[in-house]
Amino acid sequence: CDSVYSNLRKQARQLENELDLKLVSFSKLCTSYSHSSSREGRRDRYSSDTTPLLNGSSQDRMFETMAVEIEQLLGKLTGINDKMAEYTNSAGVPSLNAALMHTLQRHRDILQDYTHEFHKTKTNFLAVRERENLMGSVRKDIESYKSGCGVNNRRTELFLKEHEHLRNSDRLVEETISIAMATKENMTSQRGMMKSIQSKMNTLANRFPAVNSLIQRINFRKRRDSLILGGVIGICTILLLLYAFH
């Protein structure tokens, strides 16, 4: 039985290593697609009409191939984790074996992290590709208009400048969103710390009721002394006024 579980763990580690390498390459592919598309867009403004707007067909094929391979690896790793869970819950293994449960949970966490990273990278890539395709269509329309009206056409120049401004605005919006998300996470962390401090203070107050009672008495005496002092000052003021007017 131990050999069966060890074999399953070995297969899980191999799949996790393969997934790690695949995800790194997948992320680099998505990043290079975005950068190359941006460079192609800048060069197209000064190139001839025969130059293609986007040179991402090979990258698209690589993306589809790698996505399928990663999905297959994730499916295999899910199957291995399910087999490990069945082995852990089988009759021949003690139900309270903390070591096996901890190992299984660690592999499940790794699978969840890899799945989340894959879907996140895939979603970002599709968004970039859709945006670049849209921008490529706009650039084609601009180039067609420029070729029909002449290179020195003033309206074409203004259109190109406006297009560049839109791209810069889009990049600034993405940076602003990233800053806002980081600020939100920071404030959430600070709120958790404040709640923890408040909980500890309440625990101390409940643990030492005598101290809490003493503090309440001190506060009560301070309020009483303030009222007495205020009354004495008021009476003295009235007596001084009566003395002054008689």
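Hydrogens, waters and symmetry mates play no part in the numbers below; they use all other heavy atoms, side chains included. FYI, the numbering just counts along the sequence from 1.
Ile235 shares a hydrophobic cluster with Leu239; the chain of contacts runs through ILVMFWY side chains whose heavy atoms sit under 4.5 Å apart. Applying the 4.5 Å side-chain rule to ILVMFWY residues, one finds Ile233 in the same cluster as Leu229. The other members of the hydrophobic cluster of Val232, by chain and number, are Ile228 (side-chain heavy atoms under 4.5 Å, ILVMFWY only).
What you find for Cys30 and Thr121 is that their closest heavy atoms are SG-CG2, 3.5 Å. The nearest pair of heavy atoms linking Met66 to Lys22 is CE-O, 3.6 Å. Across all non-hydrogen atoms, the minimal contact from Arg129 to Asp60 is CD-OD1, 3.3 Å. Taking each heavy atom of Leu77 and Ala12 in turn, the nearest pair found is CD1-O, 3.8 Å.
With sequence neighbours excluded, no residue satisfies side chain to side chain donor-acceptor pair (under 3.5 Å) with Asp225. With sequence neighbours excluded, the residues satisfying side-chain contact (heavy atoms from CB on, under 4.5 Å) with Thr78 are Asp82, Leu111. When the salt bridge (charged side-chain N to carboxylate O under 4.0 Å, His left out) test is applied to Glu130, no partner is found at least two apart in sequence or on another chain. For Gln14, the side-chain contact (heavy atoms from CB on, under 4.5 Å) criterion is met by Lys10, not counting sequence neighbours. The side-chain contact (heavy atoms from CB on, under 4.5 Å) test applied to Ser226 returns no partner, not counting sequence neighbours. With sequence neighbours excluded, the residues that form a side-chain contact (heavy atoms from CB on, under 4.5 Å) with Arg106 are Arg9, Ile110. Taking Glu18 as the reference, nothing meets the side chain to side chain donor-acceptor pair (under 3.5 Å) condition, with sequence neighbours excluded.
To the nearest 0.5 Å, the span separating CE on Met62 from OG on Ser32 amounts to 7.5 Å. Taking CG from Asp113 and CG from Asp20, the interatomic distance works out to 11.0 Å, rounded to the nearest 0.5 Å. Here the straight-line distance linking atom CG of Leu19 with atom CD of Gln72 works out to 11.0 Å at 0.5 Å rounding. To the nearest 0.5 angstrom, His102 atom NE2 is 11.0 Å from Leu104 atom CG. We find the NE2-CD1 distance between His119 and Ile70 to be 10.5 Å, quoted to the nearest 0.5 Å.
Side chains of Asn219 and Arg223 form a contact here, defined as non-hydrogen atoms less than 4.5 Å apart. Counting heavy atoms from C-beta outward, Arg221 and Arg224 have side chains that approach closer than 4.5 Å.
A ring-ring contact (aromatic ring centres under 6.0 Å, His included) check over residues 59-78, counting only residues at least two apart or in different chains, returns the pairs Phe26-Phe63, Phe63-Phe125. Sorted by first then second residue, the salt bridge (charged side-chain N to carboxylate O under 4.0 Å, His left out) pairs that include residues 114-125, not counting sequence neighbours, are Glu71-Lys122.
No chain of hydrophobic side-chain contacts below 4.5 Å, direct or via other Ile, Leu, Val, Met, Phe, Trp or Tyr residues, connects Val24 to Leu74.
Within the 3.5 Å criterion, the main-chain N or O of Leu23 finds no donor-acceptor partner in the side chain of Ser27.
Screening His107, Glu86, Lys83 for a side-chain contact (heavy atoms from CB on, under 4.5 Å) involving Leu8 leaves a single residue, Lys83.
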